[in-house]
Undergrad: 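Just dropping this structure here.
Because only heavy atoms are used, hydrogens play no part in the values below, and waters and symmetry mates are left out as well, while side chains stay in. Just so it is clear: chains get the letters A, B, ... in the order the sequence lines come, proteins before strands, and each one is counted from 1.
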Amino acid sequence: MAVGRRLLRRSAAWDAIAVLQALGGLLLVAFVLLPLATVLADAFGVVATGGTADLTDFTSYFRTLTLNSLGLATSVTAVCLALGVPLAFFTERVLPRAGLLRTLLTLPLLSPPFVSAFATILLLGRVGVITQLAALAGVRLPDLYGFYGVHVTHVLHLLPLAYLTVAGGLRTVPKAIEESALSLGGSPWQVVARVVLPYVRPYLFMAALLTFLVSFGDVGAPLIVGGNFLVLPAEAFTRFLSFAVDRRMPLLLSSWIVIVSMALLFLVRALMRRTEVAHTHTPETLTYGGTALRCAGAAFCAAVVTVLMLPFAAILIVSLTPYWGATLLPRIYTTDHYAQLWRSITPLGNSLFLASIATPLALISALFLTRLVHRGGRAAVAFDYASLLPFGTSGVVLAIGISRVYGPLEAAGLMASAVMAPGLLVAVLVSRRVSYPIRVFNAAWTRVDRRLEECSLTLGASVARTFVRIVLPQLWPAIVAALLITFVQIFKELGASLIVQRPGWQTLPIQIYQYAVDGQLGRAGAVSMVMLAVVGVLTFAAQWRPRRGTHS
Amino acid sequence: MGRQTRQRFRRTVLLFVALLVPYVAAAPTTAAPARRLVAYSAAPLEFTESLKRQFEAATPGVTLEILPGLGAEAMIARLDAEKASPRADVMHSGAVFEFLEAQKKGLLAKTNPREIVGVFPSRLYVGGTRVPLYDADGTWYVWGFSLGIIGYNRHRLAALQLPVPRSYADLANPVYKGHIVFNMPQLSSSAFNLIVALHQMMGPTQVWDYWNRLHDNLTFYSRSTGALFQLVARGEVPIALGVTRPFYEGQTRGLPVDVVYPAEGSWVFATAVGAVANGPNPDLARQMMRFIISPDGQRQAADNFQTPIRSGIQPTTHNVPLSLGELQRLVPKIVVVDLERAERIRADVMRRFDGYTAGRSR
């Protein structure tokens, strides 16, 4: 009787978890795989029927766009790694108490890249502050509008991403390995080059992949500072928006972005699998001594942080002035832009609402999808790759795919507008950002002690009870981290939102973008500061809570 | 299925219901109730925010939701995609020939001009040329004008020691190389308007000879009309080919911007409004159009630096001379764009500019 009840419990619990896993999988299939497959199929249809024959200079146009996009992403990745690796080394090994430094280094990730883009104009534009100072010193900086502008914007925005990933890797290197290498007579530089960096190679690949893909898929910065420098996502976006251009072009561009992104994902995943080792967080890491090294580290970190903070200073200043022209600083200051914000507060409410709906959905989907992946099997491998697709593919492309799949259903009246209006936006935000919690949970599942789980099941607890009482507490830090990352990423999403935006559902990033492109830089700056404040407060709150329960 | 199984299943379902509650709770605000009006607009965000406030104040009980800053081409693309089940009631802003394009695609509803504008002439004479204000079927109504100008930053031009250009021909002078910005006609009706106007003023062959020379002087093609003004106002690029509205607005804010009415002629950018065919709220759509053409709506337009079509409307927030009469006295030559020509050359212009903006052969 008791055995039967136990079995019943297990199957019932399995049902509940299986349902959640299935729903996670369904989300991935419905809002990632199907839309991207539709884009690919549509483009294949155009090519297969010879539909590109009449497109003038089609091949050279695509070649230029592809080379531009790959060149940009490669150079951004190289610079971010070149700066991010020493930065991570200094903060993790030389200046371990630099908590404020670490917090400041994450700040650029809290703002969307296009905010950095208009800050770059204020700093490095033709009449930018740094451009003027450089001119006074007799140095002529290159013209911002083009490759240089997008490159600088991306580096300022993505350096923290590379830094955080590498720093995370450095925390997994056991102290004993480095101590042994040092005791065998290696210099700090030799130990880092020959022991530490090879050990964290998967993290270096991951940092490179993340930086590359975000740079490759970004649409905001190329639209604002790209000038005549054309990249794939921005072209797909502008051509999708207009009826006046050939409707085949956004499809062809989108499918090409999917193909290139997928190829890169497979390549880097394969490389990572070859180098992967079972890393766990190590409680103790080595600190390298020496005054000279500490001074060099402090100077380097301070310089990088100062550069990274400059865009925020520029945004703050522009939000406090009616006009900032070709002078080093504005002559008049005002709080009018902030005073006017109350008249258009709806986007803030919309963003908070949409993020608060989309974040738990993304988290739950990710949690159960990664559980599925963690259990292994063929489907698991497929889902693992599929879960990376939203990260690798531009938000614009994903939104174009979703619009193509669900737009006709909506237009045919098969989906009530009440459900579709925020619903499609929520679906796009969830599918666009689900990769972030998936990455966090993938790492977290490897740290879950399977023996405890097995003990619990052996002692008669159901799968669900075991999951709630044994597994979930072990995942709690990861859940908090994923919650924060996902919320911030959803809150600042622009590219996909621009495509599927609905009347009455304008988000904060869309509002900033529209003010910025309308020439209302002060208003855009004020809204950006509000956005940064909201995200900053939430980040602080999320980081503050778990510290109270350090037992976890 | 045992009792416990059912309980657990119920719990799982309840969990999902709980997650969906806030989402469903949002539905009433997004549904299309009788008093919610949706407009797609090519006007800038600040303009649409002001329009929303004033329309809602003048029409209690009606909420106006505007999707702003789309650009006329994007509006048409969106309306076309939603044609089977339109979500919007009103198409707002954009040149008249964009409305003709939308009309051709069956995207605009017929209305009774008498009901919308009352007793009002269907045409105005500007610079000696007839400007239609609405069509017989009432599918579109012009509600305001801007003029095509050369906008520039006084300080920046002086700092670069460049003369103020007085004509379109001047801009092709190599001294301005890298100092002019223009936007993409594929995305902006005002940009397309300029090309049609030049085509009309210079002739079908000379216009492309001219543009090839001007193209060499352009620093880049912006994707946003608003960005043109922003670039000039800050001094990033000293000269832009644009329309009067943002430059007039900038002048009242004390920015060092000014406009030149080109010697060849300032082209009239007539901006229109129309009801979406089979839109959810045709009565509210007509109400919004009536408001836009009413003296109150025209004052809102004038306050936002658009020349009203009604005479005698004075702005309340600034002193910029905006009436047609004042502009005709101020501007040496006004050119009204030929709508038929616009339709005829559209495909060729788009093809050529695909080449210009993609850096390919022209």
Side-chain angles (χ1 to χ4, degrees), chain A residues 8-9 11-13 15-16 19-20 56-57 60-61 64 121 125-127 145 223 227-228 230 238 241-245 322-326 343-344 353 356-357 360-361 364 403 407 410-413 417-419 421-423 426 464 501-506 511 514-515 517-521, chain B residues 2 4-5 8-9 11-12 19 22-23 26-27 29-32 38 44-46 49 65-69 71 73-74 76-77 80-85 87-88 155-156 159 186-187 219-221 223-224 226-227 229-230 233-237 246 253-256 350 354-355 358-361:
Chain A
L8 195 65
R9 265 191 221 159
S11 67
D15 280 345
V19 166
L20 289 166
T56 329
D57 298 330
S60 70
Y61 174 56
T64 306
I121 295 177
R126 291 174 186 175
V127 292
Y145 301 94
L223 286 180
N228 290 329
L230 305 178
T238 48
L241 278 188
S242 174
F243 84 94
V245 293
Y323 173 65
W324 190 1
R343 289 162 72 178
S344 51
F353 177 80
S356 64
I357 301 294
L361 286 176
I364 291 169
S403 299
E410 190 182 11
S417 65
V419 176
V426 169
Q501 62 172 318
R502 295 287 184 270
W505 285 99
Q506 189 192 37
Q511 189 188 27
Q514 282 177 341
Y515 278 139
V517 298
D518 284 348
Q520 303 282 340
L521 283 188
Chain B
Q4 284 182 325
T5 315
R8 290 205 172 93
F9 180 72
R11 255 182 250 159
T12 311
L19 281 169
Y23 165 51
T29 63
T30 58
V38 171
L45 185 56
E46 209 178 11
E49 284 174 350
E65 300 289 6
I66 305 182
L67 201 59
E73 282 72 12
I76 295 174
D80 202 23
E82 298 166 1
K83 195 174 173 182
S85 176
R87 237 179 270 138
H155 294 174
R156 192 71 187 134
Q186 304 99 303
L187 299 175
T219 181
F220 57 82
Y221 289 91
R223 287 178 172 84
S224 150
F229 169 72
Q230 176 212 313
R234 230 186 96 67
E236 287 289 314
V237 185
R253 280 198 282 146
L255 307 188
M350 297 306 158
D354 266 354
R360 288 177 279 155
S361 55

Undergrad: As an exercise, state the distance from CD of A/Q506 to CD1 of B/I66, rounded to the nearest 0.5 Å.
TA: 10.5 Å
Undergrad: Heavy-atom pairs under 4.5 Å with chain B are the metric here; pick the option from A/S403, A/S356, A/G325 that has the most.
TA: A/G325
Undergrad: Counting heavy-atom pairs closer than 4.5 Å to chain A, which one of B/Q230, B/H155, B/R234, B/R253 comes out on top?
TA: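 Ranked by contacts with chain A, first place is B/R234.
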Undergrad: Find the distance between CG (A/L223) and CZ (B/R223) and round it off to the nearest 0.5 Å.
TA: 5.5 Å
Undergrad: So how far is it from B/R156 CZ to A/R126 CZ, rounded to the nearest 0.5 Å?
TA: 8.5 Å
Undergrad: What pairs with A/Y323 under side chain to side chain donor-acceptor pair (under 3.5 Å), at least two apart in sequence or on another chain?
TA: none
Undergrad: Give the minimum heavy-atom separation between A/G504 and B/E65, together with the two atoms involved.
TA: CA-OE1, 3.2 Å
Undergrad: For the CH2 atom of A/W505 and the CG atom of B/L67, what is their distance to the nearest 0.5 Å?
TA: 13.5 Å
Undergrad: If you take all heavy atoms of B/L187 and A/T238, which pair is closest and at what distance?
TA: CD2-O, 3.4 Å
Undergrad: With sequence neighbours excluded, tell me which residues meet side chain to side chain contact (heavy atoms under 4.5 Å, CB included) with A/A326.
TA: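 Side chain to side chain contact (heavy atoms under 4.5 Å, CB included) list for A/A326, sorted by chain: A/V127.
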Undergrad: Nearest 0.5 Å, what's the CD-CD distance between B/E49 and A/Q511?
TA: 6.5 Å
Undergrad: So which atom in A/N228 and which in B/Y221 form the shortest heavy-atom distance, rounded to 0.1 Å?
TA: OD1-N, 3.2 Å
Undergrad: Can A/Y515 and B/E46 be counted as having a side-chain donor-acceptor contact under 3.5 angstrom?
TA: no
